[in-house]
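Notes to accompany the following structure.
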Amino acid sequence: MSTRTRIAPSPTGDPHVGTAYQALFNYVFAHQNGGQFIVRIEDTDRNRLVEGALEGILDMLEWLNLPPHESPTVGGPHAPYIQSERAEKHRQYAQQLVDAGKAYLSFETPEELEEMRAAAAARGDEYGGYDRRYRTLDPLEAQKRADAGESYVVRLKVPLEGETVVQDLLRGAVTFKNSELDDKILLKSDGFPTYHLAAMCDDFDMGITHVIRAEEWLVSTPIHIQIYRAFGWPEPQWIHTPWLLGDGGKKLSKRTGDVSVKSYRAKGVLPEALLNYLGMMGWSMPDGRELFSVQDMEEHFSWERVSLGGSIFDFAKLKWLNGKYIREVLSLEELASRLHAYLLENSLLENGETLELNTTFRQVVKMLTPRMDLFSEFMAKTHYFWSEDFEYTEKARGVLESSREVLSDLLERLSTLENFSPEVTHDFFQAYALEKGIKLGKVMSPLRAAVAGTLESPEMGPMLEALGKEKVLARVRRALEF
RNA sequence: GGCCCCAUCGUCUAACGGUUAGGACACUACCCUUUCAAGGUAGACAUACGGGUUCGAAUCCCGUUGGGGUCACCA
């Protein structure tokens with residue numbers, strides 16, 4: 001039987017890094033075993049749907065280059081891959097369990113449930129769930145009430161005694177007492193299934209062999225096992241991956257960190273860097289390498305190398321890793337075109353006419369390569385390349401004021417240079433400093449201030465070349481008048 | 001609170017009974033240098049605690065503590 005894994009995200013907001021994390025592990029494991037990676041959208045909670053969220057998730061996977069073998073958009077032999085479209089099937093499954101006496105109709109209202117919980121809490125009961133008041137109701141009687149139009153849910157009749165053991169691939173056997181299990185709702189009063197029913201039925205129907213999901217699901221796994229058993233289906237392999245945590249070591253959420261993949265994309269994080277970073281959360285390469293691709297992961301992945309403690313998402317390290325991709329992985333040509341596309345996509349171009357994907361742009365990108373970790377830093381660090389309308393920083397101003405002599409010298413002599421290639425200007429500066437008996441810095445900083453408006457910039461040679469003689473001279477002139 | 005999971009530098013991690021407990025991010029110096037970076041070198045920083053088992057425990061067992069999760073007609 002071929003290995004089949006899935007992610008089952010809910011379309012309830014921006015695409016979540018946790019979803020990307022799960023997608024990565026599910027994708028890698030499926031590919032490593034020559035199997036299939038499936039995306040199924042879990043939208044049975046009709047109240048929490050967010051417009052566009054489904055597309056957002058699919059877009060994210062495309063951006064990350066983790067294409068599913070089967071999904072709502074590419075389809076597949078088990079379509080539909082949108083859970084709400086399978087609701088009729090879930091209702092049939094629920095009925096099947098009711099008919100078999102493994103589940104029952106239940107008529108309590110949400111308010112009554114609330115009272116039950118409060119009462120159980122007040123008594124200090126160990127079991128704080130549903131009191132099972134309809135579990136023993138005669139099925140015929142129950143059916144009669146349902147037929148009469150009374151609102152009901154379908155609940156699983158879990159065993160009251162004994163234990164349910166979850167065999168987790170990462171943690172071994174995890175034992176739960178059945179007396180602590182709840183008669184979980186399988187079908188809600190709106191006729192839609194809960195996650196418990198829907199996910200198990202769909203996993204079974206879709207032939208999922210390995211359920212790889214976040215640790216938060218571990219404690220509801222005994223219920224899932226009971227559902228499988230009620231149907232008489234063989235269990236999949238359970239794998240509960242370690243937590244991705246936010247600040248303070250709490251579950252990663254909007255409150256504890258940035259969870260939106262869109263937001264990382266907007267910051268100019270490369271998809272391969274994000275994936276690489278996610279890959280080193282909870283897993284490591286056998287040789288300790290930190291820079292690795294999804295392909296590398298497929299080659300070397302094993303559950304044995306997964307560490308179980310949760311990992312705190314550290315943006316500083318992601319940033320560093322992104323910088324590594326910019327500096328060491330992408331070619332200049334690749335970098336330039338992707339950066340250009342990024343700027344276009346985020347409408348960050350300062351001047352659409354001059355900021356084309358041309359030689360100057362490439363020269364500037366090359367200069368910035370060791371100087372940026374994120375694409376979003378690019379414009380702020382290069383604005384003076386694209387416009388004459390730039391300010392002098394406080395420090396630059398100070399230097400300009402005390403260097404008029406050098407600047408006018410420079411203006412005069414620079415204008416006689418044949419060309420502004422780095423070699424020519426480099427020799428020129430050396431000679432000038434030598435002649436004047438001053439340090440190179442005394443020549444460079446005024447010029448830097450004049451040309452860039454700041455004392456922090458790329459090297460002078462390439463910078464002057466990219467700017468060109470005309471602009472450089474004009475800027476020195478402007479600085480002298482300042 | 002009940003139940004469940006987890007526990008190595010601040011952070012991500014290596015070590016699968018024997019290492020001066022290694023690497024990376026961040027941090028601090030220094031080197032390189034026309035500034036800023038990048039790069040290089042160095043430094044500081046960890047096995048939560050207490051019992052066992054063993055000739056020998058970060059590693060195995062138990063307990064404690066700590067952290068997290070979960071107890072929905074949400075997934």
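Letters A, B, ... are given to chains in the order of the sequence lines, protein chains preceding strands, and every chain is numbered from 1.
Remark: A:S311 is in phosphate contact with B:rU13, judged by side-chain N or O atoms under 4.0 Å from OP1 or OP2. Look at A:K188 and you'll find a side-chain N or O under 4.0 angstrom from OP1 or OP2 of B:rC74. Applying the 4.0 Å criterion to OP1 and OP2 of B:rA15, one finds that A:R305 has a side-chain N or O inside that range. Phosphate contact (OP1/OP2 of B:rU34, side-chain N/O of A:R448, threshold under 4.0 Å): absent. An OP1 or OP2 oxygen of B:rU34 is reached within less than 4.0 angstrom by no side-chain nitrogen or oxygen of A:S445. Considering only side-chain N and O atoms, A:R327 lies under 4.0 angstrom from the phosphate OP1 or OP2 of B:rG39. Applying the 4.0 Å criterion to OP1 and OP2 of B:rC74, one finds that A:T44 has every side-chain N and O outside that range. Proximity of A:K395 to the phosphate of B:rU35: no side-chain N or O atom is located under 4.0 Å from OP1 or OP2.
Across all strands, A:P242 comes closer than 4.0 Å to no nucleic acid atom at all (heavy-atom distances). Using a 4.0 Å heavy-atom cutoff across all strands shown, A:E180 reaches sugar-phosphate atoms only and no base atom. A:P446 comes within 4.0 angstrom of nothing in the nucleic acid, heavy atoms only.
Side-chain atoms of A:K317 and base atoms of B:rA24 include a donor and an acceptor less than 3.5 Å apart. Remark: the A:R171 side chain and the B:rC5 base include no donor-acceptor N/O pair separated by less than 3.5 Å.
Donor-acceptor pairing under 3.5 Å is lacking for the side chains of A:Y384 and A:S457. With hydrogens and angles left out, the side-chain atoms of A:D205 and A:Y93 include a donor and acceptor closer than 3.5 Å. Looking only at atom types and distance, the side chain of A:N26 has no donor-acceptor partner in the side chain of A:H210 under 3.5 Å away. Judged purely by distance below 3.5 Å, without hydrogens or angles, the side chains of A:T221 and A:H240 pair a donor atom with an acceptor atom. Between the side chains of A:N276 and A:E272, no donor-acceptor pair is found at a separation under 3.5 Å.
Between the NZ atom of A:K251 and the P atom of B:rC71 there is a distance of 8 Å, given to the nearest Å. For the pair A:L186 CG and B:rC74 C1', the computed distance is 15 Å after rounding to whole Å. The distance from atom CH2 of A:W320 to atom C1' of B:rU11 is 13 Å, rounded to the nearest whole Å. Rounded to a whole Å, the OH atom of A:Y384 is 14 Å from the P atom of B:rC36. Rounded to whole Å, the distance from CD on A:E216 to P on B:rC74 is 16 Å. The distance between atom CD of A:E304 and atom C1' of B:rA14, rounded to the nearest whole Å, is 15 Å. As a whole-Å value, the separation of A:L156 CG from B:rC73 C1' is 15 Å. Here B:rU35 presents its C1' atom at 8 Å from CE of A:M460, a figure rounded to the nearest Å.
Using N1 to N3 plus N6-O4 or O6-N4 for Watson-Crick, or N1-O2 and O6-N3 for G-U wobble, each under 3.5 Å, B:rU65 pairs with B:rA7. Using N1 to N3 plus N6-O4 or O6-N4 for Watson-Crick, or N1-O2 and O6-N3 for G-U wobble, each under 3.5 Å, B:rU35 pairs with nothing. Across all strands shown, the partner of B:rU70 is B:rG2, judged by Watson-Crick or G-U wobble contacts whose two distances both fall under 3.5 Å. Look at B:rU41: its Watson-Crick or wobble partner, with both distances under 3.5 angstrom, is B:rA29. The base-pairing partner of B:rU59, taking Watson-Crick or G-U wobble contacts with both distances under 3.5 Å, does not exist among the strands shown.
Nearest-nucleotide positions on RNA chain B place A:G288 closer to the 5' end than the other of A:G288 and A:E456. Looking at which nucleotide of RNA chain B each of A:H196 and A:E459 is closest to, the 5′-most match is held by A:E459.
Spacing of P atoms, B:rC9 relative to B:rU13, comes out at 11 Å, to the nearest Å. Taking atom C1' on both B:rC73 and B:rA58, the two are 47 Å apart, rounded to the nearest angstrom. When the C1' atom is used for both B:rC27 and B:rU65, the distance is 30 Å, rounded to whole Å. Using atom P as the reference point in both B:rG39 and B:rC45, the two lie 25 Å apart (nearest Å).
By the 4.0 Å N-to-carboxylate-O rule, A:K319 lies close enough to A:E377 to be salt-bridged with it. We find that A:R171 and A:D168 are joined by a salt bridge, their nearest charged nitrogen and carboxylate oxygen being less than 4.0 Å apart.
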